[in-house]
Amino acid sequence: MPVIVGSVARMTKLEIKTVGVIGSGIMGSGIAEVISKSGIDVVIRSRSAETAQATKAAIDSSLNKQLVKAKITQEEKDSAMSHVTVTNKLEDLANCDLIIESAVEDLATKQELFSQLDKIVKPSCVLSTNTSTLPVIEMAKSTNRPDKVCGIHFFNPAVLMPLVEVVRPITASDETIAFANEFVKACAKDAVQVVDRAGFIVNALLFPYLNNAIAMFEAGTASMEDIDVAMKGGCNFPMGPFALLDLVGLDTSVAILEALHAEFKSPTLEPRPMLKKLVEQGKLGRKSKQGFYSY
Ligand code: 3HC
């Protein structure tokens, strides 16, 4: 089993042998795949045995696609899968060195999880959240180890996106932040450091743009398709704003905008009516096969 050594291990005497991931959505599953490929054991906790198994199958299928394209070898795929365990019991995370919570973007749910985890995991375990915008400090306060709580925020699709934001609430110790950075490095991702403020770096800059794109469409300035073509061709963005909203998930996008609006108050951050309407209709983007576009 790989053990991360080096400056952080020397500084903190912590080792990362096993990481627990909570949540089996797009992010949880992608993060777990990244971890498994870095040779660290990952235990994915989902709410039901069925969704837990489905997550393992999704990782297997994603690795298979990479195998077919000769991006990884059979040995690499087998090795990654050998690091993946799934469960529907929080207690099975007891031996983890690090937890990444990637459950629904709801503060009460996350606080409850952090409070339970605090009682289950060993004292040295670092508890982190993949929240997009919610205050990490509120999760830290739900535990008796606020110094060992931070944000580790991956981007969608986690397997392809190189960036991870390491989010520092005022309660986190230097050791915890160093540990989080060393973990990100072990996952072959690039870390940036940010304080615990809604939207951190990326979402605080990205979501005003995405919301404005919807406002532009609502105002009849241009079609969705043309706005997407314009931002791809005019700015060299890999995706236009509507395709990106569908990728992120429209429910997640509403949650992010609401959190940004609550913190920064600007009316331009209020989720646009069209976005809210689509969510009310269950049109959540790619994951529900219908969002701004059909899939
Ligand atoms: N998982 C794994 N592999 C994927 C993938 C996924 N979800 N989506 C695409 N790929 C692979 C494809 O199989 C393809 O592989 P190939 O080159 O071997 O054929 C490769 O990636 C390129 O895919 P496509 O040709 O279909 O499409 P693109 O060239 O457009 O690449 C993309 C896809 C990487 C998703 C690119 O469009 C992109 O970078 N888009 C922007 C994504 C982005 O901005 N994400 C951040 C969102 S904000 C966020 O996550 C914050 C959170 O808090 C909400």
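FYI, the numbering just counts along the sequence from 1. Hydrogens, waters and symmetry mates play no part in the numbers below; they use all other heavy atoms, side chains included. Both counts, for ligands and for their atoms, begin at 1 and track the order of listing.
- Atoms of ligand 1 lying under 4.0 Å from at least one heavy atom of Ile256, given by number and element, are 54 (C).
- The protein non-hydrogen atom at the shortest distance from atom 21 (O) of ligand 1 is Leu160 CD1, 3.2 Å.
- Under the 4.0 angstrom criterion, atom 3 (N) of ligand 1 counts as having a protein heavy-atom contact.
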**Study point:** From CA spacing to verdict: side chain to side chain donor-acceptor pair (under 3.5 Å), Gln66, Lys37
**Key:** CA-CA 12 Å; Gln66 295 160 50; Lys37 285 170 86 178; 2.5 Å; yes
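- Ligand 1 is approached by His153 to a heavy-atom distance shorter than 4.0 Å.
- Remark: distances from the non-hydrogen atoms of Thr133 to ligand 1 are all 4.0 Å or more.
- Atoms of ligand 1 lying under 4.0 Å from at least one heavy atom of Pro238, given by number and element, are 36 (C), 37 (O), 38 (C), 39 (O), 40 (N), 41 (C).
- With hydrogens and angles left out, the side-chain atoms of Ser79 and Ser82 include no donor and acceptor closer than 3.5 Å.
- The nearest heavy-atom contact from the protein to atom 50 (O) of ligand 1 is Asn156 N, 2.9 Å.
- For Phe242 and Phe217, the ring centers sit closer than 6.0 Å to each other.
- Numbered from 1 in the order shown, with element, the atoms of ligand 1 that lie under 4.0 Å from a heavy atom of Lys71 read 15 (O), 16 (P), 17 (O), 18 (O).
- Of all atoms in ligand 1, numbered sequentially from 1 with element shown, those under 4.0 Å from a heavy atom of Lys69 are 12 (C), 13 (O), 14 (C), 15 (O), 16 (P), 18 (O), 19 (O).
- In the vicinity of Val248, heavy-atom distances shorter than 4.0 Å reach the ligand 1 atoms 47 (C), 48 (S), 54 (C).
- Within a 4.0 Å radius of atom 10 (N) of ligand 1, the protein has at least one heavy atom.
- Counting only heavy atoms from C-beta outward, the side chains of Thr131 and Met139 approach each other to under 4.5 Å.
- With hydrogens and angles left out, the side-chain atoms of Thr73 and Lys77 include no donor and acceptor closer than 3.5 Å.
- The shortest separation from a heavy atom of Val159 to ligand 1 is not under 4.0 Å, leaving the residue out of contact.
- Distance check for atom 23 (O) of ligand 1: every protein heavy atom is found at 4.0 Å or beyond.
- Residue contacts with ligand 1 for Met27 are absent, since no atom lies close enough (heavy atoms, distance under 4.0 Å).
- Annotation for ligand 1: atoms under 4.0 Å from non-hydrogen atoms of Met239 are 37 (O), 40 (N), 41 (C).
- With no hydrogens or angles considered, no side-chain donor-acceptor pair links Ser142 and Ser115 at under 3.5 Å.
- No salt bridge links Asp41 with Lys17; every basic N to acidic carboxylate O contact stays at or beyond 4.0 Å.
- In summary, the side chains of Thr252 and Glu105 do not present any donor paired with an acceptor at a separation below 3.5 Å, with no hydrogens or angles considered.
- Counting only heavy atoms, the protein never gets under 4.0 Å from atom 31 (O) of ligand 1.
- There is no protein heavy atom closer than 4.0 angstrom to atom 28 (P) of ligand 1.
- Note: His153 and Phe155 have tilted aromatic rings, judged against thresholds of 30 and 60 degrees for the angle between ring planes.
- Counting protein heavy atoms under 4.0 angstrom from atom 7 (N) of ligand 1 gives one or more.
- Taking every heavy atom of Phe155 and a limit of under 4.0 angstrom, the matching atoms of ligand 1 come to 49 (C), 50 (O), 51 (C).
- Protein heavy atoms come within 4.0 Å of atom 52 (C) of ligand 1.
- Within the 4.0 Å heavy-atom criterion, the part of Leu206 lying near ligand 1 is the side chain and not the backbone.
- Interface of Pro157 with ligand 1, defined as ligand atoms under 4.0 Å from a residue heavy atom, comprises 1 (N), 6 (C), 7 (N), 35 (C).
- In this model, no donor atom of one side chain and acceptor atom of the other lie less than 3.5 Å apart for Glu33 and Ser29.
- Using a cutoff of 4.0 Å between basic side-chain nitrogens and carboxylate oxygens, Asp174 and Arg168 are scored as salt-bridged.
- With 3.5 Å as the limit, one finds no donor-acceptor pair spanning the side chains of Asp118 and Thr143.
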**Study point:** Worked check of side chain to side chain donor-acceptor pair (under 3.5 Å) between Asp246 and Gln290
**Key:** CA-CA 8 Å; Asp246 279 351; Gln290 176 71 54; over 6 Å; no
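- Just one residue in the list Asp251, Leu257, Leu210 forms a side chain to side chain contact (heavy atoms under 4.5 Å, CB included) with Leu275, and that residue is Leu257.
- Put simply, atom 14 (C) of ligand 1 has protein non-hydrogen atoms near it, under 4.0 Å away.
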